[in-house]
Amino acid sequence: MIFAGALPAAALGAIAGGIAGCIPALHIFNLLAVAAVLAPAAVLPGIPSLWLDAAVAGMIAGWSLTNSLPAILLASPDESAMFATPPGHRYLMEGRGCDAVLLTAIGGAGGMGVLALASVFAPRLLPPIHSVLSPHYHWILWCVIAFLLLSEWPQGRTAAQPPAERLLSGNRNVLMGLLTFLLSGLLGFILLYRPNLVHAPPGQTLMPAFAGLFALPGLLMTLVSRVRPPPQTAEARHEASPRDLLHGIVSGTFGGMFAALIPVVSGGVGGLLAGHAATLRGDRAFLVSQGASKTVYYAGALLLWFSPDLNVARGGAAAFLRGLHNPPADAFPAIVAALLVATATTLWLLPWLGRALVHAMNRAGQAALSGMALALVVLIVASACGLAGLLILPVATAIGMIPLLFGGRRMNALGVILLPLACNMSGIGPAIAGMLGIA
Amino acid sequence: MKGITHFTVGVTLASCLPQAVQAGSDGNPLLFILGGIFGLLPDTLDFKILRFLHRHDVEIVPDPSRPDPALIAEALAGSIRRARITGRPVRVKLHSSAPGAGLWHRFRVTLPAAGNRVAVGYEGVVNTSQEMARHAPHPRAAAEADLPCAVTTDYTATTTVDILDGPSYAMEPLGDGRVAIRFIPWHRHWTHGLPVAAVIGGALGWWLGPAAGLIGGGAYALHALADQCGHMGSNLFFPFTRRRSPGLQWVRSGSTLANLGVVWIACLVIYWNLARAGQADRAPGLPGLLVLFGFLPLAAAAWCRRRLPR
């Protein structure tokens, strides 16, 4: 009876999460953090804990499948969907933004299917893997950072220039990427070591930084750009071959699993690493892969909390549930089922949401919609973090604009979390904060 | 091989040293980072520094508004003619051509083509993902030019020129009247030499200790050796040799299966090394681990991939 009730809860959670996914900068973890303040008094009495767990799983699945809509149609991604924005923009400029969203959704659904299959043997494999790797997570994270920085490819134009000029202009994007990483890392240090700066819900001190680094730059560029995308087609279809789909789903799933297991690594980064290893080529396979890695990352991180003999809390959803109750011993299969039900529900919901957003976009124009989204982001940050949040927002936005204006990958803005947390995990964070005068 | 493959192999080498694993579990990531960075360093030096410092005698810059394959064919043939007449190497840079933001003209250069000619085809516009754009503003076109003498090449004869940066060539006159075409001549030269790896290893060992030297130098050397499995080859024994020696031609550097296979097997070896260091009695056996979780899944993936339509 309790198990049967969990599935409708997952479907309802998926609808709520799916709708939240359409709102730029509204991260599902922000929503759960607000719920954590309200839930114990208002929601919990009388509700079986498994229903709440399933609803949260549904929200995670729904949100991670639909957050490609603002990332692609409004160029306003969160940190895990930002990798889908550049290829999505190419689709957008051909009036096929929804096709790109469909590819990420196929990837997400495929990834969820593979995750469900893997969950059959994962409870036996994960505890020893976690036990072996946990003392080494910090250097794995440093290696991820080193590779991300080193793998930036020089893209500057160099025709008819002397060698020294070629060296500088060719590597301009590499240098700007490094600058973005260091500045965002510094911002992350300040926010993590001076949490009293921002009066945000617990664990949400980085919210204004994330909104500024990832969501706002794209919206601002859309507002000032003279290039407008053509009217979008609401009926999505994909042209990916079975090989593209398999390639994207498998590599994205591995990337998502890696990101779920290794602290601080996000789904987008995991997908990027797996894409490099699997030599992904073309926008279609890449979008499928990014969809898979993002969904598997969020769902996989939640499953780690419910995995018997493991119960590792990764991400805001597990942190939210940890604050309410311990995971029931036999909840793992129910949560896997809830994730599958939520995925199916979101796939049913997604075309409706896509059509609504495309209709609004075609009618009001992308710039008007971006202006509204921008106002909404500012409102969300102001209401969650107050005046200090509003002061941090332009600083973070200025850093987030560097890659868009001067070249470099937007991913480098992840330094906001990668750099301070990698330093903390290696035990040198407090010393560096002391050197910076913020300890 | 791809950058991530070299990087992972370097990290794997570090994981084989108990000192590195011990330091890692004690909170010091340096030796693993060194393995990764020095595994990638030869290509980093080539593609981020030497490529830009390389001097060019001829730069071919196609007009973005009027892509003309004949101009490229004539310029390449002219460079070979100049090398043949002057008896001196001629270094040529063929730039890519961008008709708009995120769009690139695609040319296919065959040098040498049948009949001792250079053939250049214009194939249309691609995006940065190398997918053909839906609207082609210019028709496909092709052009050929006669070469003034016989030529040899050290890489595949056909090169695609589209996104980011175009290729460069060195046209080097040979004593027998032919001209040797060296593809991207700044790549895989001194940076891919094993003696250079030894020097780097020695310097790191002197500065940071023997383990760092072994890992840095070893990762650097493994990069050069792995690249030798491909087509282009490397100048493995610089400064004792001056030319790249031909590759073994076992794999293409962009091969999905080769790169994924090496990265995946490397990850399993890292896991085994860490497990062995942590709880030696409970560590899985390496052969079983590699077969069950490495070779079997990779074989299944290769089988599926081959049967699926593109």
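Proteins get letters first, then strands, A, B, ... in listed order; numbering begins at 1 in each. Nothing here was measured: the structure is a model prediction, and the numbers come from that model.
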Flag the one option from [options] with the top tally of heavy-atom pairs under 4.5 Å to chain B.
{"options": "A:Phe254, A:Tyr137, A:Trp153", "value": "A:Trp153"}
{"options": "A:Ser426, A:Ser251, A:Cys143", "value": "A:Cys143"}
{"options": "A:His89, A:Met93, A:Glu152", "value": "A:Glu152"}

Chain B contact via [X] - which portion, at a heavy-atom distance below 4.5 Å:
{"X": "A:Leu245", "result": "neither"}
{"X": "A:Ser169", "result": "neither"}
{"X": "A:Leu246", "result": "side chain"}
{"X": "A:Leu125", "result": "side chain"}
{"X": "A:His247", "result": "side chain"}
{"X": "A:Ile129", "result": "both"}

### Task
Would you please say whether a donor-acceptor pair under 3.5 Å links the side chains of B:Ser129 and A:Arg281?
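A:Arg281 and B:Ser129 do not have a side-chain donor-acceptor pair below 3.5 Å.
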
Give the minimum heavy-atom separation between [X] and [Y], together with the two atoms involved.
{"X": "B:Ile33", "Y": "A:Ala146", "value": "CG2-CB, 4.3 Å"}
{"X": "B:Pro29", "Y": "A:Trp142", "value": "CG-CD1, 3.5 Å"}
{"X": "B:Phe52", "Y": "A:Pro154", "value": "CZ-CB, 3.7 Å"}

If you measure from [atom1] on [X] to [atom2] on [Y], what distance do you get to the nearest 0.5 Å?
{"X": "A:Tyr91", "Y": "B:Asn127", "atom1": "OH", "atom2": "CG", "result": "8.5 Å"}
{"X": "B:Thr44", "Y": "A:Leu149", "atom1": "OG1", "atom2": "CG", "result": "11.5 Å"}
{"X": "B:Asn28", "Y": "A:Trp139", "atom1": "CG", "atom2": "CH2", "result": "12.5 Å"}
{"X": "B:Thr128", "Y": "A:Asp283", "atom1": "OG1", "atom2": "CG", "result": "8.5 Å"}
{"X": "B:Ser25", "Y": "A:Leu133", "atom1": "OG", "atom2": "CG", "result": "12.5 Å"}
{"X": "B:His56", "Y": "A:Arg166", "atom1": "NE2", "atom2": "CZ", "result": "5.0 Å"}

### Message
Please evaluate residues B:Glu131 and A:Arg90 with respect to the criterion side chain to side chain contact (heavy atoms under 4.5 Å, CB included), reporting the C-alpha separation (whole Å), side-chain torsions for both, the decisive distance (0.1 Å), and the verdict.
### Response
CA-CA 11 Å; B:Glu131 290 173 352; A:Arg90 290 192 274 276; over 6 Å; no

Portion of [X] that has a non-hydrogen atom of chain A nearer than 4.5 angstrom:
{"X": "B:Ile270", "result": "side chain"}
{"X": "B:Arg307", "result": "neither"}
{"X": "B:Phe7", "result": "side chain"}
{"X": "B:Thr5", "result": "neither"}
{"X": "B:Ser96", "result": "both"}
{"X": "B:Val262", "result": "neither"}
{"X": "B:Gln130", "result": "neither"}
{"X": "B:Ser97", "result": "backbone"}
{"X": "B:Lys2", "result": "side chain"}

### Message
Tell me if a side-chain donor or acceptor on A:Asn171 pairs with a main-chain N or O of B:Lys48 at a distance below 3.5 Å.
### Response
yes

### Query
Do side-chain atoms of A:His138 reach the backbone of B:Gly24 as a donor and acceptor pair under 3.5 angstrom?
yes

### Task
Among the options B:Asn259, B:Leu164, B:Leu274, pick out the one with the most heavy-atom pairs lying under 4.5 Å from chain A.
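Highest number of pairs under 4.5 Å: B:Leu274.
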
### Query
Among B:Ile4, B:Leu41, B:Leu103, which has the most heavy-atom pairs under 4.5 Å with chain A?
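Heavy-atom pair counts peak at B:Ile4.
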
### Task
Taking the side chain as every heavy atom from C-beta outward, state whether A:Thr279 and B:Leu260 have any atom pair closer than 4.5 Å.
no

### Message
Quick one, B:Val263 with A:His276, criterion side chain to side chain contact (heavy atoms under 4.5 Å, CB included). Give me CA distance, side-chain angles, the key distance, then yes/no.
### Response
CA-CA 10 Å; B:Val263 170; A:His276 270 271; over 6 Å; no

### Task
Output, in order, the C-alpha distance, side-chain angles, deciding distance and verdict of side chain to side chain contact (heavy atoms under 4.5 Å, CB included) for B:Ile37 and A:Leu150.
CA-CA 8 Å; B:Ile37 288 177; A:Leu150 283 171; 3.8 Å; yes

### Message
Tell me whether the count of non-hydrogen atoms from other residues, nucleotides or ligands lying under 6.0 Å of CZ in A:Arg228 goes above 12.
### Response
yes

